[in-house]
Q: 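Provided herewith is a single structure, encoded as structure tokens, for subsequent inquiry.
Letters A, B, ... mirror the listed sequences (proteins, then strands); counts begin at 1.
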2 protein chains.
Amino acid sequence: MPTPSMEDYIEQIYMLIEEKGYARVSDIAEALAVHPSSVTKMVQKLDKDEYLVYEKYRGFSLTTKGNKIGKRLVFRHDLLEQFLKIIGVKDENIYNDVEGIEHHLSWDSIERIVDLVQFFQEDESRIDALKEIQKQNEAE
Amino acid sequence: MPTPSMEDYIEQIYMLIEEKGYARVSDIAEALAVHPSSVTKMVQKLDKDEYLVYEKYRGFSLTTKGNKIGKRLVFRHDLLEQFLKIIGVKDENIYNDVEGIEHHLSWDSIERIVDLVQFFQEDESRIDALKEIQKQNEAE
DNA sequence: ACTAATTTTTTTCTATAGTAAACTTTTAAG
DNA sequence: CTTAAAAGTTTACTATAGAAAAAAATTAGT
């Protein structure tokens, strides 16, 4: 099982590869706001654990295992962003909150949140009712 | 700002004091599943940061600051348990998930979850509608 | 093709938080 | 009131993850 930090890297690498076809150390460092030296170290660990294949100075690509996990991590991340958005969390808090919690929820909880998002999407009046409660509570 | 680990200790100490009037190193160690030596070390740090007053071998008690924070942490923990319960997460996953995420949500998100819990509590048919969606999704 | 700039890697260092084992203090039993 | 057990503390060690600075490799400009 990858650690939370390993998950951050796998997720980010997956997204970069999806978006640009490849992932470089400096892109990852930038996206995760860490130093390139930290990226190199982690990439070496991810290679050892077979999430990717690493060739010094030449780059790396996800293994089947890494790719499969990456896909799930991105799905989970996007779901949680959607969820916080729906319940009215301010945009400026969403990224950090998702970043913090995504690694700590069981897949049971994730599935329940899938249902919950669907619950709100399939009948917009539910969102309105929630907003109404928020307005009430805000007033106090 | 306390780290996630510090929050765990403050929260646990607050609960023990509420429940029994005092908190001992061994109780905390037991509750958090760490060794007594880890508790001593952390208690010393919490004393240095003025969340509690520590007297070697004699015990400790929360400062006003520690008490105020402890109260909020326990509130947050209980809220998140309620939330996961309502959306149908299995009991055996709730504790770990809450333990994982509680330190990583902004107070903005916490307030939105307060509203969400109220949304479900104030009209039970909403819970039924959610359960209906869960049944559908489970079938697939 | 050569050198300068960029990118990546290595090495050494930091902080947090936990453990094990030895040690000290407190408490409780006789 | 002494001593054994229990509770708590210290010290030295571990792992994870990140940073700074120096070194190495790659790439880009001329």
Q: Which of these nucleotides, C:dA17, D:dT9, C:dT8, is closest to any side-chain atom of A:Thr40?
A: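 Closest nucleotide among those given: C:dT8.
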Q: Any donor and acceptor pair, going by atom type alone, linking the side chain of A:Asp49 with main-chain N or O of A:Tyr51 inside 3.5 Å?
A: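 Answer holds: no.
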Q: Rounded off to whole Å, could you give me the CZ-to-C1' distance for the B:Arg58 and C:dT24 pair?
A: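 Roughly 14 Å, once rounded to whole Å.
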Q: Taking CD1 from A:Ile10 and C1' from D:dA17, how many angstroms apart are they, rounded to a whole number?
A: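 To the nearest whole Å, that distance equals 15 Å.
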Q: From NZ of B:Lys56 over to C1' of C:dC23, roughly how many Å is that when rounded to an integer?
A: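 Computing the B:Lys56:NZ to C:dC23:C1' distance gives 11 Å.
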Q: Relative to the 5' end of DNA chain D, which residue comes earlier, A:Tyr57 or A:Met42, by the nucleotide with the nearest heavy atom?
A: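 The residue mapped nearer the 5' terminus is A:Met42.
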Q: Rounded to whole Å, please give me the gap between NE2 in B:His103 and C1' in C:dT16.
A: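 For the pair B:His103 NE2 and C:dT16 C1', the rounded distance is 14 Å.
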Q: What is the distance, to the nearest angstrom, from the OH atom on A:Tyr22 to the C1' atom on D:dT27?
A: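 Interatomic distance, OH of A:Tyr22 to C1' of D:dT27: 13 Å.
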Q: Reckon B:Gln44 has a side-chain N or O less than 4.0 Å from the OP1 or OP2 of D:dT10?
A: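 B:Gln44 to D:dT10 OP1/OP2: side-chain N or O found under 4.0 Å.
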Q: How close or far is atom P of D:dT16 from atom CE of A:Met6, stated in whole angstroms?
A: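 Value for this atom pair: 9 Å.
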Q: Applying salt bridge (charged side-chain N to carboxylate O under 4.0 Å, His left out) to A:Asp91 and A:Lys85, what does each step give before you reach the verdict?
A: CA-CA 7 Å; A:Asp91 283 350; A:Lys85 180 98 189 152; 3.0 Å; yes
Q: May I ask you to evaluate whether B:Ser38 reaches the phosphate of C:dG18, defined as a side-chain N or O under 4.0 Å from OP1 or OP2?
A: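 B:Ser38 to C:dG18 OP1/OP2: no side-chain N or O under 4.0 Å.
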Q: With a 4.0 Å limit, can you tell me whether B:Tyr54 has a side-chain N or O closer than that to the phosphate oxygens OP1/OP2 of D:dT9?
A: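 Yes.
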Q: Classify B:Lys41 by what it touches in the nucleic acid, base, sugar-phosphate, or nothing, heavy-atom distance under 4.0 Å.
A: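 Contact class for B:Lys41: base.
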Q: For A:Trp107, is the NZ or CZ atom of A:Arg112 found under 6.0 angstrom from the centre of its six-membered ring and inside 45 degrees of the ring axis?
A: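 No cation-pi geometry.
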Q: When all nucleic acid strands are considered with a 4.0 Å heavy-atom cut-off, which category describes B:Tyr9: base, sugar-phosphate, or nothing?
A: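 Sugar-phosphate contact only - B:Tyr9 comes under 4.0 Å of backbone atoms but never of a base.
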Q: What is the distance, rounded to the nearest whole Å, between atom CD of B:Gln12 and atom C1' of C:dA17?
A: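 These atoms are roughly 17 Å apart.
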Q: Scan the side chains in residues 18-25 of chain A for donor-acceptor partners under 3.5 Å anywhere in the protein, sequence neighbours excluded, and list what turns up.
A:
| residue | atom | partner | partner atom | Å |
| --- | --- | --- | --- | --- |
| A:Lys20 | NZ | A:Asp27 | OD2 | 3.0 |
| A:Arg24 | NH2 | A:Asp27 | OD1 | 3.4 |

Q: Take the protein atom CG of A:Asp27 and the nucleotide atom P of C:dT7, then report the distance between them rounded to whole Å.
A: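 For the pair A:Asp27 CG and C:dT7 P, the rounded distance is 10 Å.
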Q: Is it the case that the side chain of B:Asp97 and the backbone of A:Ser106 share a donor-acceptor pair, with hydrogens and angles ignored and the cut-off at 3.5 Å?
A: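 Pair found, side chain donor or acceptor close to backbone of A:Ser106.
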Q: OP1, OP2 of D:dT16 versus side-chain N and O of A:Ser5: anything below 4.0 Å?
A: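 For D:dT16, OP1/OP2 do not have a side-chain N/O of A:Ser5 under 4.0 Å.
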Q: Does C:dA17 have OP1 or OP2 under 4.0 Å away from a side-chain N or O of B:Lys45?
A: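 So the side chain of B:Lys45 is within the cut-off, an N or O lying under 4.0 Å from OP1 or OP2 of C:dA17.
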Q: Check this for me: does the side-chain of A:Ser37 come within 3.5 Å of the base of D:dA20 through a donor and an acceptor?
A: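 Result: at least one qualifying N/O pair found.
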Q: OP1, OP2 of C:dG18 versus side-chain N and O of B:His35: anything below 4.0 Å?
A: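 Negative; the distance criterion is not met.
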